[in-house]
Each structure stands twice: as structure tokens, then as C-alpha cells.
Amino acid sequence: MTILKRHIAVPAMALATMFGAGTASALDIKSSDVHPMGYPTTDAIQYMGELLNTWTSGRINIQIFHSMQLGGEKEALEQVQLGALEMTRVSVGVVGPIVEEFNAFNLPYFFRSTDHMHKVVDGEIGTDLLNKLEAGGLIGLGYMDAGSRSFYNNVRPINSLEDLSGLKLRVMQNPIFVEMVNALGGNGLPIAFNELYTAMQTGVVDGAENNPPSYESGKHYEVAGYYTLTEHLMVPEIFVFSKKVWDTLDPLDQQLIRKAAALAVERERELWAAREQASLKILEEQGIEVIREIDKTPFIEATEPVRAEFGGEFADLIARASAVE
Ligand code: GTR
């Protein structure tokens with residue numbers, strides 16, 4: 001609450017002077033997210049909307065289409081590219097097929113830590129990649145946290161790499177993740193997030209992989225109760241604006257949106273850390289045995305061919321990102 005007040009109050013006066021003339025037209029930003037309200041990403045975008053509303057005395061607003069109301073993330077990105085939707089918050093996982101350099105962030109066991117990931121995405125590399133999105137019809141507004149992703153399934157607990165053998169596991173819609181699961185001995189199937197619960201319930205897949213908040217919030221534990229913290233991916237979230245719409249905006253409004261977006265990133269990261277712990281607690285209360293101790297070395301070794309194959313295409317970028325301390 002303190003943060004909300006601080007950020008709304010301080011720039012409000014300065015910005016009102018700059019933008020108070022009210023010459024620019026009203027802007028209603030529709031933004032989609034697969035998560036429900038109350039999730040760190042949706043709460044952060046809501047906060048962004050509150051900031052914009054306050055700074056412009058109600059002229060710019062964000063309406064959030066949450067809980068997969070607009071379907072999966074691939075479709076949302078397409079809508080944003082077309083200009084039918086102004087904004088969406090998705091995983092970097094589904095952005096690789098648009099700008100392939102993003103696959104650097106989608107490589108298994110790539111980032112060394114949250115701190116390493118922050119330094120890479122918040123630095124020159126992250127900014128360069130956001131800029132590359134323009135060619136794909138998207139304006140990259142920022143990266144949010146999504147922790148690490150781990151495997152869950154309804155067949156058996158995963159205590160070692162061998163336990164993944166033959167399991168049909170849903171992955172995000174990007175070939176790199178199919179290859180990753182296959183390299184680990186399972187069967188990777190790309191399925192949209194909005195179809196996942198049913199896919200597990202009906203046995204189309206045995207399980208999937210995600211961070212604790214998504215596993216918990218999506219109630220996936222109800223249909224896949226074995227969860228092991230393999231932490232094989234640290235894929236950040238990203239939120240993007242439609243270039244088609246962006247190009248019609250007053251440059252001062254573009255500036256305001258970028259400023260609010262940066263504050264939304266800060267807000268999400270604060271919320272994320274707490275939510276991860278809260279989700280693990282909920283899972284344990286629900287009787288889910290979360291296997292935390294696992295030797296990751298065989299998983300790291302088994303995924304080396306995936307890093308070599310997909311990383312080979314942008315080796316310089318990978319080397320630059322790896323060198324970030
Ligand atoms: C979540 C992420 C979503 C979505 C989902 C998935 O962690 O927040 O944006 O990508 O994973 O697995 O599809």
C-alpha cells in the first residue's frame with residue numbers, strides 16, 4: 001500500500017503538468033493473462049492500470065481479461081500482433097517462436113540464479129531482445145519473475161531422472177521444450193495452458209511442469225499430485241504492447257505507459273517471492289508431497305544436447321549472457 005501511494009503520488013504532480021493539457025485522446029488498454037486476479041502478474045498489471053488512471057485523471061485505463069478468458073498465450077500474442085488486443089502478459093516460453101534469440105532464456109538450466117536472470121534481462125541483453133520484438137509487431141514493456149519450473153505428474157513420484165522415463169508431459173508451445181522433455185527420457189507434448197487441466201484429467205498427458213504458484217493456482221495438483229523441484233527452467237514472464245496500436249499513440253502517452261510498466265515490474269517481483277512460499281505452503285496443506293531434495297546433475301547432463309542444438313544458433317548471445325556476473 002505504501003508503495004502504491006508513493007508511486008502514484010510523486011509523479012502525479014509532475015506528470016499532470018506535462019500531460020494535464022488533455023489533448024491526447026482516451027485510451028482503453030485491454031490486456032490478457034492466463035492467470036486469475038490475485039496472481040502476481042495480474043496484480044502488477046492492475047497496479048499499472050491504477051497508476052495510468054491516476055496520472056491521466058482517468059484518461060488511460062487498463063481492463064484485464066484474466067483467467068484465460070481470451071484463451072491461450074499463443075492466441076493472445078497473435079491478437080496483439082494484429083492490434084485486436086492492446087497488451088498481453090505471457091511467458092517468454094511462447095515468445096521464442098517469434099524472436100528466436102529469446103530461446104536463450106528458454107534453455108534448460110541456463111540461468112545460474114534469480115540474480116543472474118535479473119542482471120541479464122534488466123541489462124543490455126534483455127533490452128536488445130525487447131527491441132527485436134518490434135519487427136514481430138510487438139513492443140516489449142518488461143520482464144517479470146516466474147521462478148523456476150519443475151515437473152509434476154500423476155503416475156509416480158520423480159526421485160531420479162529414470163522416473164521421468166516414458167511419461168507424457170505437457171510443455172509450452174515451443175519446440176525447445178518438447179526436445180527438453182524428450183532429452184530427459186519423457187514424451188514432450190505442446191499444449192496450450194488453458195487446455196492443460198483437462199488434458200491431465202483425461203489422460204492425454206500424465207503431467208506437466210511449472211513453478212509452484214502456477215501449479216497451485218491452476219489446481220493442477222488435484223489431477224497430478226507428484227511434484228519434484230527439478231527446477232530445470234527459469235523462464236521469465238514478459239508483457240508486450242501491440243505495435244500497431246502503439247504507433248498511433250501520442251509519444252507522451254507512450255512514455256507514461258513505459259514508466260508505469262517499469263513500476264509494475266517492481267511490484268510483480270515483490271509479490272512473486274512471497275507467492276512462491278505461500279503456494280508451497282498451500283500444496284503441503286493439500287497433502288501434496290513436494291520432493292525438494294533431488295540430484296540435478298543427471299538432469300543437467302541429459303539436457304546438454306538441447307543447449308548445444310538450440311543455443312548453437314546464437315552462441316554469441318549465450319556467451320554474453322553467461323559472462324554476466
Ligand atoms: C506459467 C506462466 C504462464 C504460462 C504457463 C504455461 O508459469 O506464468 O504465462 O506460460 O506457465 O505453462 O503455459
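This is a predicted model, so every value here is computed, not measured. Whatever order the structure lists them in is the order used to number ligands and atoms, beginning at 1.
Under a 4.0 Å criterion applied to the non-hydrogen atoms of Glu237, ligand 1 contributes the atoms 2 (C), 8 (O), 9 (O).
For atom 13 (O) of ligand 1, the choice among His220, His35, Arg170 with the nearest heavy atom turns out to be Arg170.
Here the CD1 atom belonging to Ile29 is positioned 4.0 Å from the CD1 atom belonging to Ile257, to the nearest 0.5 angstrom. Distance check, rounded to the nearest 0.5 Å: CD1 of Ile62 to CD1 of Ile64 gives 6.5 Å. Put simply, CZ on Phe111 and OG on Ser322 are 9.5 Å apart, with the number rounded to the nearest 0.5 Å. Note: Arg149 CZ to Ser91 OG = 5.5 Å, rounded to the nearest 0.5 Å.
Annotation: cation-pi pair Arg267/Tyr47 present, NZ/CZ under 6.0 Å from the ring centroid and within 45° of its normal.
Contact analysis puts Arg149 in contact with ligand 1, with a non-hydrogen atom separation below 4.0 angstrom.
Contact annotation for Val94 and ligand 1: no heavy atom of the residue comes within less than 4.0 Å of the ligand. Contacts between Ser214 and ligand 1 below 4.0 angstrom, taking non-hydrogen atoms only, involve the side chain exclusively. In Met144, neither the side chain nor the backbone holds a heavy atom less than 4.0 Å from any atom of ligand 1.
For atom 7 (O) of ligand 1, the nearest non-hydrogen atom of the protein is Asn210 OD1, 2.7 Å. Among protein heavy atoms, atom 9 (O) of ligand 1 sits closest to Glu73 OE2, 2.5 Å.
Taking any N or O of Arg89, backbone or side chain, at least one lies under 3.5 Å from an N or O belonging to ligand 1.
For the residue pair Asp33 / Thr41, a side-chain donor-acceptor distance below 3.5 Å is found, with atom types taken as modelled.
Pairs of residues two or more places apart, or lying in two chains, that qualify as ring-ring contact (aromatic ring centres under 6.0 Å, His included) and include a residue from residues 186-222 are His35-Phe193, Tyr152-Tyr215, Tyr152-His220, Phe193-His220, Tyr215-Tyr227.
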